[in-house]
Amino acid sequence: MTYLLDMSQLQQGDIVLEDGETKCISSAIKKITKSKYSHAMIYVGGTLIHAVAKGGVFSKNPQRILRSSESSFKVLRLKDTLLELNLALVCDNARAKVGSIYSIAEAGKAILPNNDKTTKKQFCSRLVAQSYNEAGVKIVDDPCFCTPEDINRSPLLEEVKSCVRQATQADLDMAAKIDPNLENQEETLKWLRLARKQLKSEGIEVQTINDVAEHLSKDNTWDKRICKHIESTKYLQLYNVDRKLNTYRYCEKEFSAKVESEVNMSDFFNFEFNLNRGEIERHGKNLMIAQNNYRNSKLKYCKLHVKLYRNILKENECRLKIIRNYKALEPSIGVAVNEYLNRVSSLLK
């Protein structure tokens, strides 16, 4: 049998531990730390943020992580509901680390005591622990040097059952499709690598997209050079890749056929709506920040990102209109869809 995470049961800020089956490095980590788990991720709503040796910190669609055993996953959640007020910030912290380089050397030091030298590079358990720590929640003794097992033993966390389910044929078909996130990841890394190399030659260290933006706000002389790197990739053109992979989201006839083929229509509508809601909340915030930065700096870098986030939100708007126009839409879903359509409209003015 094949299993995957049940996204309907996951909550923002959940920590997902995974056994990383069949990988030599994963086996070594589990053996050394005497743990069943070798990888840690954060669920930020609709997607996971994690750090891997190939690619660094990026998002991962939970639907594309298939395992042969239900016990391959373990989901942890904060015990104290008061601390959950920090979860939105935890997720923002994790997203802010996207693009960071993975450090095998520093990951290896996590099993050693008394580490005092760290960089902005990442590995999986550091990403999780630092994202929480920066939101005021210290889930492990040393957020910079910890292992998945340290997180697993955190007294602040508890296991959440029923977050794993058996994969359906539709799940298997979906996982077999081309993953658009991989292309986006590669295109982002292309220009980040170029920017890192050029800035490093001047003694400037950057890791993430946010680091680049922060540096440009202080020294705009790099603006045109960084934008040239961005425009040399497909980074700005991948906002509509979903149209090729999930055509039903953009065609009323196909959408109706898709709905009627679903075993549980309610779950399907909730998933589609929540997917767009999460993107609108995230990219709406990104758009407002980019617009404000552009007003203050007039940087081309900010202008490019304003256009990118507007294009992403226009895709969300299109998808929500398809949902809204379904002939038998539940009134409660219709109200929620219209609320977010109004929000998008306001953002795009």
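Side chains are part of it too, since the values below use all heavy atoms of this structure and drop only hydrogens, waters and symmetry mates.
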Hydrophobic cluster identity match, Leu157 and Tyr37, side-chain contacts under 4.5 Å: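 Leu157 and Tyr37: one cluster.
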
Is there a path from Tyr248 to Ile322 through hydrophobic residues (I, L, V, M, F, W, Y) whose side chains come within less than 4.5 Å of each other?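 Yes, same cluster.
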
Note, [X] side chain near [Y] side chain (heavy atom, < 4.5 Å):
{"X": "Tyr250", "Y": "Arg319", "result": "yes"}
{"X": "Asp19", "Y": "Arg67", "result": "yes"}
{"X": "Asn246", "Y": "Arg243", "result": "no"}
{"X": "Leu341", "Y": "Lys321", "result": "yes"}
{"X": "Ile209", "Y": "Tyr235", "result": "yes"}
{"X": "Arg64", "Y": "Asn181", "result": "no"}

Output every pair passing salt bridge (Lys or Arg N to Asp or Glu O under 4.0 Å) with a member in residues 193-211, not counting sequence neighbours, ordered by first then second residue.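 Counting only pairs at least two positions apart or across chains, the salt bridge (Lys or Arg N to Asp or Glu O under 4.0 Å) contacts touching residues 193-211 are Lys120-Asp211, Glu186-Arg193.
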
Please collect all salt bridge (Lys or Arg N to Asp or Glu O under 4.0 Å) contacts where either partner lies in residues 262-272, sequence neighbours excluded, each pair once.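 Salt bridge (Lys or Arg N to Asp or Glu O under 4.0 Å) check on residues 262-272 returns Arg249-Glu272, Lys258-Glu262.
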
Establish, for the pair Lys298 and Tyr294, whether the NZ or CZ atom is under 6.0 angstrom from the six-membered ring centre and no further than 45 degrees off its axis.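 Ring-cation test returns yes.
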
Tyr340 ring centre to Arg343 NZ or CZ under 6.0 Å, with the angle to the axis within 45°?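 That pair qualifies as a cation-pi contact.
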
Please determine which of Thr208, Val44, Val90 meets the side-chain contact (heavy atoms from CB on, under 4.5 Å) test together with Arg95.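 Testing each of Thr208, Val44, Val90 against Arg95, the sole residue satisfying side-chain contact (heavy atoms from CB on, under 4.5 Å) is Val44.
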
Could you check whether any side-chain N or O of Asn292 sits under 3.5 Å from a backbone N or O of Ile289, counting only pairs where one atom can act as donor and the other as acceptor?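 No: the side chain of Asn292 does not pair with the backbone of Ile289.
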
Using the side chain to side chain contact (heavy atoms under 4.5 Å, CB included) rule, take Lys234 and Gln237 through it: C-alpha gap first, then chi angles, then the decisive distance, then the call. CA-CA 5 Å; Lys234 293 188 286 184; Gln237 283 82 51; 4.2 Å; yes

So does Lys228 have more than 12 non-hydrogen atoms from other groups sitting under 6.0 Å from NZ?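 For Lys228, atom NZ is not crowded (no more than 12 foreign heavy atoms under 6.0 Å).
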
Tell me who clusters with Ile65, hydrophobic residues only, linked when side chains sit under 4.5 Å apart either directly or through other members.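 Reading the cluster by chain and number, Ile65 sits alongside Met1, Tyr3, Leu5, Met7, Leu10, Val16, Met41, Tyr43, Leu48, Phe73, Val75, Val160, Val164, Phe271.
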
